[in-house]
Amino acid sequence: MLEIKPIFHALCRSKVGAILLLIQIAITTAIVSNAAFIIQDRISYLSQETGYPEQDIFVFNVMMFGKDVSPSQQYELDEAMLRQIPGVVDAAYSSNTPLSGSGSSSDFSLKPAPEESKSARSSYMFIDEHGINTYGVKLIAGRNYTEDEVIVTDNYDELSKVTVVTKTLLDELFPDGNGLGQTVYFGDIPMKVIGVVELMKGPWLKDSRPDNVALLPFIKPGTNARFVVRTEPGQRQSVMNRVEEAMLKNYNKRVISRIRGLDDDKESYMAEDTLMMRMLIVLITILVLVTALGIFGLTLFNISKRTKQIGTRRALGARKSAIISYFLVENAMICIVGLVIGVIAAVYLGQLLMQHFSIAQLDISYVLATALAVFAMSLLAVLAPAKRAANISPSIATRTI
């Protein structure tokens, strides 16, 4: 049976090192458990389903400086030309790009403004009848727009009277599930819901309602435009390489810019979150290594101070396993106290992060898993020095006599 009391008294005689290690273990547990939880939360956020075949979609901007053509007619010709390029599934005009962090939003309500009624905030995009197919989202109820329902004008008061919305937006406005065919209001403009999309993320993935999207069949022709193109799987880069030449061949008094994949826009939007995740991984690695080195160093220090004591115990018949067990138990005692403090600190830190940075509540399983990992790491860190102590010769005890 292990003698805990003598080990405790030995720690009390050299308490400074033990206290410093205890604090280090507590800090590591508190920070690592919260950092691991945030990393997992960021991984879920970065890998979330968006509803788009991101790898097959690209976007580009057009700026016209020629005055000898009608922008709306030219854009219609451009869309037809783009659809003829080998490898292209569909192409469409789009007022903004999803997943990019830039777009438009508004309230959609059950009564016209300024009347009070139930409403839901949603992002919205102006597209034409090819937009839904181009974005590759799934229409689960109702129908797509017809060409006649797409309004082409620079007057926002003449918006179309129909819309296609995501299921989440419709369910928020009509919880009973009877929203298809109902009328919603975009400001004071009535719009009949003619179609429902299963999943389609808006421009802001960090938004509280990223799944609320409304698609409005409207094109505002102007000197600046944005086109979205969906290609066959594996054909995107080939089409991207050809699109500028094809567009300028169709009409050369303009500039084609920012040809990029939809996933590139998403990656740029998520760059800060990716960087934060990588920094937290580095922080966890450093903390664990420093803590392991602290345990390793303290054990070596204790061995050097107790060399004669260990030799005496060996001379009196103590087995190597007893010497190893002594240092393992000593380390475990320090570690357990540090972990208890660290668990309390982790929960408190999680509450602070939730209050001040809108981070989800810390899952206690991450704290417990971190505590077990730190405990196992501490035992592994002390094992090598403990074996070294066990190999001290009994003759050490008699060298100074």
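No hydrogens, no waters, no symmetry mates; every other heavy atom, side chains included, goes into these values.
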Between [X] and [Y], a side-chain donor and acceptor under 3.5 Å:
X: Ser208; Y: Arg121; answer: yes
X: Thr166; Y: Asp211; answer: no
X: Thr29; Y: Thr370; answer: no

Within 45° of the ring axis of Phe108 and under 6.0 Å from its six-membered ring centre, is that where the NZ or CZ of Lys118 lies?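 Judged by the rule (NZ or CZ under 6.0 Å from the ring centre, within 45° of its axis), Lys118 is not positioned above Phe108.
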Distance, nearest 0.5 Å, that separates [atom1] of [X] from [atom2] of [Y]:
X: Lys192; Y: Gln182; atom1: NZ; atom2: CD; result: 9.5 Å
X: Ser33; Y: Leu368; atom1: OG; atom2: CG; result: 9.5 Å
X: Met377; Y: Ile25; atom1: CE; atom2: CD1; result: 7.0 Å
X: Tyr93; Y: Asp128; atom1: OH; atom2: CG; result: 9.5 Å
X: Ile132; Y: Asp90; atom1: CD1; atom2: CG; result: 11.0 Å
X: Tyr145; Y: Glu129; atom1: OH; atom2: CD; result: 10.5 Å

CA sep, side-chain torsions, deciding dist, call: Glu116, Lys111, salt bridge (Lys or Arg N to Asp or Glu O under 4.0 Å): CA-CA 7 Å; Glu116 292 291 332; Lys111 292 183 179 180; over 6 Å; no
Take the angle between the ring planes of Phe227 and Phe60 and call it parallel below 30°, perpendicular above 60°, tilted in between.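 Correct class here is parallel.
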Output yes when Arg236 and Asp263 qualify as a salt bridge under the 4.0 Å nitrogen-oxygen rule, no when they do not.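 Result for this pair is yes, salt bridge flagged.
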Any side-chain heavy atom of Lys249 sitting closer than 4.5 Å to one from Met81?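 Answer no - side chains too far apart.
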Please tell me if the side chains of Tyr135 and Met125 come closer than 4.5 Å, counting only heavy atoms from C-beta onward.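 Yes - at least one pair of side-chain heavy atoms lies under 4.5 Å apart.
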For atom NZ of Lys167, decide whether the heavy atoms of other residues, nucleotides or ligands shown that lie under 6.0 angstrom number more than 12.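 No, because the 6.0 Å sphere around NZ of Lys167 holds 12 heavy atoms or fewer from other groups.
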